[in-house]
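Below is one structure; the comments refer to it alone.
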There are 2 protein chains.
Amino acid sequence: MLKLTKKADYGLMALKYLAEHPENPALSAKDVADAYGIPAQLLAKILQLLTKNGLLKSHAGMNGGYALARDAREISAYEVIHAIDGPFFITSCTKGAKSCELTPSCTIKEPLARVNDTIAGVLKSISIQDLAEHEQPAHRQHAAQRLVALTL
Amino acid sequence: MLKLTKKADYGLMALKYLAEHPENPALSAKDVADAYGIPAQLLAKILQLLTKNGLLKSHAGMNGGYALARDAREISAYEVIHAIDGPFFITSCTKGAKSCELTPSCTIKEPLARVNDTIAGVLKSISIQDLAEHEQPAHRQHAAQRLVALTL
DNA sequence: CTATATCCGACTTCTTCAGTCCGCATTCAG
DNA sequence: CTGAATGCGGACTGAAGAAGTCGGATATAG
Ligand code: FES
Ligand code: FES
């Protein structure tokens, strides 16, 4: 419940790794998988997904591999999750109109949609670069929490 | 991925329903289930969970049922989700020390833990009363998003 | 040509979620 | 006292999704 899939997790880790090694023009799926000890074939598929969604550039053949398609600052965690796991919905029923059978009765959907948007906003505001920086400016985190608590 | 379970959804709906009917001293699981068209036995178990965690008061026997244990303003969405689905973790690995095998390699965990805390904060700031009020002050939502975007 | 890559679909396995069933305990109306 | 209505709680089944594997096709550098 409300958990990131391992795939999304792996994807974020891989992008972070690429962001930390800008000197290499291309790192293979195996390189990254070995670095983190995660299944190579699985990671490969994830990277393919990210490529298909324009977050990575790929190069086949020897010495091939993947590289970030954009600057690490221009790739958000939201994009990664969306590319790997598809549309982002906290609730079982997608907001898009008719999909839910018990729509007439359930008035809970709207407030939850607001929560959904807030979470999406937070994820959109986090870039791969942020993940790659080991420094965690804690004060910014606290400020954000204060503000969220105040305003919702 | 990153979805609320239906149980948590049902739980929120039920609490909202109870909050909207304060005149009744006790509504049975069946009453609420019928009102929303959800499986009665399933809802029953959910309400039992909420009772065990101190969010509801129950009364067995004829004309028995459930009532809010506290004021609707004093029950947060976070509590409901926690009571039904257990501890709240966005990531596969619980932050509590050793549980994750690939901890040495994965440095992604910490930033994600911050996201986790932020989401938890948002959920804690939402009360059952908020859900029961049909008015949605949209401007507050927008303000929150702006602030989150600015500060993270 | 060959080794190393990406690419892509099908597949198995495992876990979790959703929902059901059944027996027991509690309370109250008659 | 008795029985209907209700909560309580474990065991169970089926469906869905996630995690991971396999095999083959294609591209490319040396
Ligand atoms: S669960 Fe679909 S409208 Fe509420
Ligand atoms: S997944 Fe466990 S430490 Fe990152």
Side-chain angles (χ1 to χ4, degrees), chain A residues 1-11 13-14 18 24-34 36-53 55-67 69 81 84-87 89 91-93 100-102, chain B residues 1-11 13-14 18 24-34 36-67 69 81 83-87 89 91-93 100-102:
Chain A
M1 64 78 169
L2 220 37
K3 263 195 182 60
L4 244 43
T5 60
K6 271 204 172 97
K7 289 183 190 175
D9 219 343
Y10 292 161
M13 288 160 70
L18 291 177
N24 291 53
L27 288 164
S28 75
K30 189 173 182 306
D31 290 338
V32 182
D34 287 351
Y36 289 117
I38 59 187
Q41 297 199 88
L42 183 53
L43 215 220
K45 274 209 305 202
I46 295 167
L47 295 182
Q48 286 163 29
L49 266 177
L50 293 174
T51 304
K52 196 155 64 178
N53 286 84
L55 304 187
L56 290 178
K57 281 178 303 188
S58 65
H59 184 62
M62 281 188 74
N63 305 320
Y66 299 90
I81 295 172
I84 296 175
D85 284 336
F89 288 118
T91 42
S92 356
C93 55
C100 186
E101 333 75 46
L102 33 91
Chain B
M1 64 78 170
L2 218 41
K3 263 194 181 61
L4 242 45
T5 60
K6 273 209 173 88
K7 288 183 192 177
D9 219 343
Y10 292 161
M13 288 160 70
L18 291 177
N24 291 52
L27 289 164
S28 76
K30 189 171 180 309
D31 291 338
V32 182
D34 287 351
Y36 289 117
I38 58 187
Q41 297 199 84
L42 183 54
L43 216 220
K45 275 212 302 203
I46 295 166
L47 295 182
Q48 284 164 30
L49 265 177
L50 293 174
T51 303
K52 196 155 65 178
N53 286 84
L55 304 187
L56 290 178
K57 283 177 300 185
S58 65
H59 184 63
M62 280 189 76
N63 303 320
Y66 299 90
I81 295 171
I84 296 176
D85 285 335
F89 287 118
T91 43
S92 355
C93 55
C100 187
E101 331 76 45
L102 32 92

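Remember, it's a predicted structure, so these values are computed and weren't measured experimentally. Proteins get letters first, then strands, A, B, ... in listed order; numbering begins at 1 in each.
- Between Y66(A) and dC7(C) there is a side-chain polar atom (N or O) within less than 4.0 angstrom of OP1 or OP2.
- Between the P atom of dG9(C) and the CG atom of L49(A) lies a distance of 11 Å, rounded to the nearest Å.
- For the pair L56(A) CG and dT6(C) P, the interatomic distance rounds to 11 Å; values are reported in whole Å.
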Can you give me the N/O atom pairs linking the protein to nucleotides 14-17 of chain C at distances under 3.5 Å, or say none if there are none?
unit_1: dC17(C); atom_1: OP1; unit_2: M1(A); atom_2: N; d: 3.3

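- To the nearest 0.5 Å, atom OG1 of residue T51(B) and atom CG of residue L56(B) are 4.5 Å apart.
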Atom pairs, N/O to N/O, protein against nucleotides 9-11 of chain D, distance under 3.5 Å?
unit_1: dG9(D); atom_1: N7; unit_2: Q48(B); atom_2: OE1; d: 3.4
unit_1: dA11(D); atom_1: N6; unit_2: K45(B); atom_2: NZ; d: 3.0

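- Using a 4.0 Å heavy-atom criterion, one finds that A26(B) contacts no nucleic acid atom at all.
- Interatomic distance, N63(A) CG to H59(A) NE2, rounded to the nearest 0.5 Å: 8.0 Å.
- If you measure from atom CG of L43(A) to atom P of dC8(C), you get 17 Å, rounded to the nearest angstrom.
- Here Y10(B) does not reach the OP1 or OP2 of dA18(C): none of its side-chain N or O atoms lies under 4.0 Å away.
- Along DNA chain D, the nucleotide nearest to G64(B) and the one nearest to L42(A) differ in position, and the one closer to the 5' end is contacted by G64(B).
- T5(A) meets the side-chain contact (heavy atoms from CB on, under 4.5 Å) test with K7(A), A8(A), D85(A), M1(B); sequence neighbours excluded.
- Shortest non-hydrogen contact noted between P39(A) and Y10(A) is CD-OH, 4.4 Å.
- Contact detail for Y66(B) and A44(B): the closest heavy-atom pair is OH-O, 4.0 Å.
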Determine whether L49(B) and I46(B) satisfy the following criterion, side-chain contact (heavy atoms from CB on, under 4.5 Å), listing intermediate values before the conclusion.
CA-CA 5 Å; L49(B) 265 177; I46(B) 295 166; 5.6 Å; no
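- Atom CG of residue L2(B) and atom CG of residue L4(A) lie 6.0 Å apart, to the nearest 0.5 angstrom.
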Donor-acceptor contacts under 3.5 Å from residues 24-34 of chain B side chains, at least two apart:
unit_1: S28(B); atom_1: OG; unit_2: K30(B); atom_2: N; d: 3.4
unit_1: S28(B); atom_1: OG; unit_2: D31(B); atom_2: N; d: 3.1
unit_1: S28(B); atom_1: OG; unit_2: D31(B); atom_2: OD1; d: 3.4
unit_1: S28(B); atom_1: OG; unit_2: D31(B); atom_2: OD2; d: 3.2
unit_1: K30(B); atom_1: NZ; unit_2: D34(B); atom_2: OD2; d: 2.8
unit_1: D31(B); atom_1: OD2; unit_2: S28(B); atom_2: N; d: 3.1

Base, backbone or nothing for each nucleotide of nucleotides 25-30 of chain D, written B, S, -, heavy atoms under 4.0 angstrom, 5' to 3'?
--BBBS
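- The side-chain contact (heavy atoms from CB on, under 4.5 Å) check on K45(B) picks up Q48(B), with sequence neighbours excluded.
- We find that CD1 of I38(A) is positioned 17 Å from P of dA18(D), with the value rounded to whole Å.
- If you measure from atom CG of L4(A) to atom C1' of dG17(D), you get 15 Å, rounded to the nearest angstrom.
- Residue G11(B) comes nearest to I84(B) through the heavy atom pair CA-CD1, 3.9 Å, listed as atom of the first residue, atom of the second, then distance.
- Rounding to whole angstrom units, CD1 of residue I46(B) and P of dG19(C) are separated by 9 Å.
- The nearest whole Å value for the distance from the CG atom in N24(B) to the P atom in dT6(D) is 13 Å.
- Proximity of S58(A) to the phosphate of dC7(C): a side-chain N or O atom is located under 4.0 Å from OP1 or OP2.
- If you take CD1 of I84(A) and P of dG17(D), they are 18 Å apart, rounded to a whole angstrom.
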